[in-house]
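See below for the structure under consideration.
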Amino acid sequence: MEKSLANQVALITGASSGIGYGVAIALADAGAAVVLNYHSHAEPGEKLADEIEKAGGSAIAIRADVSDPAQVAKLFDVSRARFGGIDIVVANAGLQKDSPFADMTLDDWQLVLSTNLTGQFLTCQAAVKEFRRRGPSTVSKALGKIICMSSVHEVIPWAGRVNYAASKGGIQMFMKSLAQEVAPERIRVNSIAPGAIRTSINKDAWDSQAALDKLLQLIPYGRVGAVEDIGKAAVWLASDESDYVVGTTLFVDGGMTLYPGFTNNG
Ligand code: BGC
């Protein structure tokens, strides 16, 4: 059977760790050639690109800071030079810099907003321009597909992380407004909103039994998520299987947004 993303090229920002890394593997497994963007740690992305190539796929790792327009432009230029065009862009790069509100420095605010929100703005803008440049696709019904990596915190407020929650709340309206604007060109823009996925970003929340027990109280489905859960969602949203899905946030969170605190309460 033909793989669902065969002959397509996917660019994933923040692909050297965590959810981005898992999404890159899933898209490559589904047949896409992948561009693995990383910022500070070259090794994991380059190693993954190597492994994908050895397994018969196509992959390249490229350094770029997504908050810098010149570096984003170069990321897309180098990708285009290598693969000719891009069909799928996953705007995933993101980080946390938590602190109580009154202690939060302007640097911590700006770093999170510039990576999580401005970074997606720059990545998606470059994506839209690239889809238009390449013109109609021969491998997909859409001109191009964009997946914004959001979070359950696009709707769940999060004390001690006003910068992170503001960035993800921003992604919600950013994604929908962009989706509305470019849908007539058959560019599909959607988000994935992961819940608690076992990665280094939230290690403190799952690496001791006490922390894990506390975290599980927030997850009706009773388990912490794995990057593969997000990878599968990304493959579907990037494929023609979801061709009529436009401007939607797909929550992949084990029910975290069902407000389980209300189960026997309220
Ligand atoms: C955050 C994680 C957190 C999860 C659920 C994610 O967006 O990056 O640190 O565990 O949301 O709260």
Side-chain angles (χ1 to χ4, degrees), residues 12-24 26 38-41 44 66-67 90-101 104 108-120 123 147-176 190-234 237 248-263:
I12 306 105
T13 65
S16 62
S17 67
I19 286 175
Y21 189 88
V23 165
Y38 62 89
H39 180 208
S40 23
H41 305 294
V66 295
S67 67
V90 185
N92 165 78
L95 47 82
Q96 285 183 227
K97 227 29 178 117
D98 306 345
S99 91
F101 180 68
M104 188 174 285
D108 287 350
W109 171 263
Q110 278 168 343
L111 176 67
V112 171
L113 269 291
S114 66
T115 306
N116 298 13
L117 192 54
T118 308
Q120 293 212 18
T123 303
I147 300 170
C148 297
M149 201 55 70
S150 184
S151 162
V152 290
H153 298 295
E154 76 167 42
V155 293
I156 301 179
W158 209 12
R161 289 99 173 161
V162 295
N163 48 1
Y164 185 81
S167 74
K168 296 303 182 179
I171 288 298
Q172 186 190 49
M173 285 311 285
F174 166 79
M175 180 280 288
K176 285 178 188 288
N190 292 286
S191 288
I192 296 174
I197 308 300
R198 198 180 293 261
T199 68
S200 56
I201 207 173
N202 58 3
K203 195 164 183 289
D204 291 350
W206 52 260
D207 76 342
S208 71
Q209 194 57 49
L212 183 63
D213 290 345
K214 198 159 157 251
L215 179 62
L216 288 174
Q217 289 172 13
L218 298 175
I219 310 171
Y221 202 59
R223 72 167 171 88
V224 176
V227 293
E228 290 78 8
D229 293 310
I230 308 303
K232 287 173 196 162
L237 274 180
T248 287
T249 299
L250 177 56
F251 286 85
V252 183
D253 67 352
M256 192 174 243
T257 38
L258 299 174
Y259 296 97
F262 278 81
T263 304

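Each ligand, and each atom within it, is numbered from 1 in the order the structure gives. Just so it is clear, the model here is predicted, and its values are computed rather than measured.
For Asn163 (side chain) and Lys97 (main-chain N/O), a donor-acceptor pair under 3.5 Å exists by modelled atom type. The backbone N or O of Ala196 sits nowhere less than 3.5 Å from a side-chain atom of Asn202 that would complete a donor-acceptor pair.
An N or O contact shorter than 3.5 Å links Asn202 to ligand 1 by distance.
Shortest contact from atom 9 (O) of ligand 1 to any protein heavy atom: Gln96 OE1, 2.6 Å. Among protein heavy atoms, atom 4 (C) of ligand 1 sits closest to Gly195 O, 3.6 Å. Closest protein heavy atom to atom 3 (C) of ligand 1: Trp158 CH2, 3.7 Å. For atom 7 (O) of ligand 1, the closest non-hydrogen atom on the protein side is Tyr164 OH, 2.5 Å. For atom 5 (C) of ligand 1, the closest heavy atom belonging to the protein is His153 NE2, 3.5 Å.
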Dump the intermediate steps for side-chain hydrogen bond (donor to acceptor under 3.5 Å, both in side chains) on Glu154 and Ser150, then the final yes or no.
CA-CA 7 Å; Glu154 76 167 42; Ser150 184; 2.6 Å; yes

Does the side-chain hydrogen bond (donor to acceptor under 3.5 Å, both in side chains) test come out yes or no for Gln217 and Asp213, once each step is laid out?
CA-CA 7 Å; Gln217 289 172 13; Asp213 290 345; over 6 Å; no

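Of all the atoms in ligand 1, the ones that sit under 4.0 Å from a non-hydrogen atom of Ser151 are 6 (C), 7 (O), 11 (O). Interface of Ile201 with ligand 1, defined as ligand atoms under 4.0 Å from a residue heavy atom, comprises 8 (O), 9 (O). The ligand atoms of ligand 1 that sit less than 4.0 angstrom from a heavy atom of Met256 are 5 (C).
Screening Leu111, Leu117, Asn116, Thr115 against Leu113 for a side-chain contact (heavy atoms from CB on, under 4.5 Å) leaves a single residue, Leu117.
Within the 4.0 Å heavy-atom criterion, neither part of Lys168 lies near ligand 1.
Using the six-membered ring where Trp is involved, Tyr164 and His153 have ring planes that are perpendicular, over 60° apart on the 30 and 60° scheme.
Ionic pairing of Asp108 and Arg161 is not present here: no N-O contact between side-chain nitrogen and carboxylate oxygen is shorter than 4.0 angstrom.
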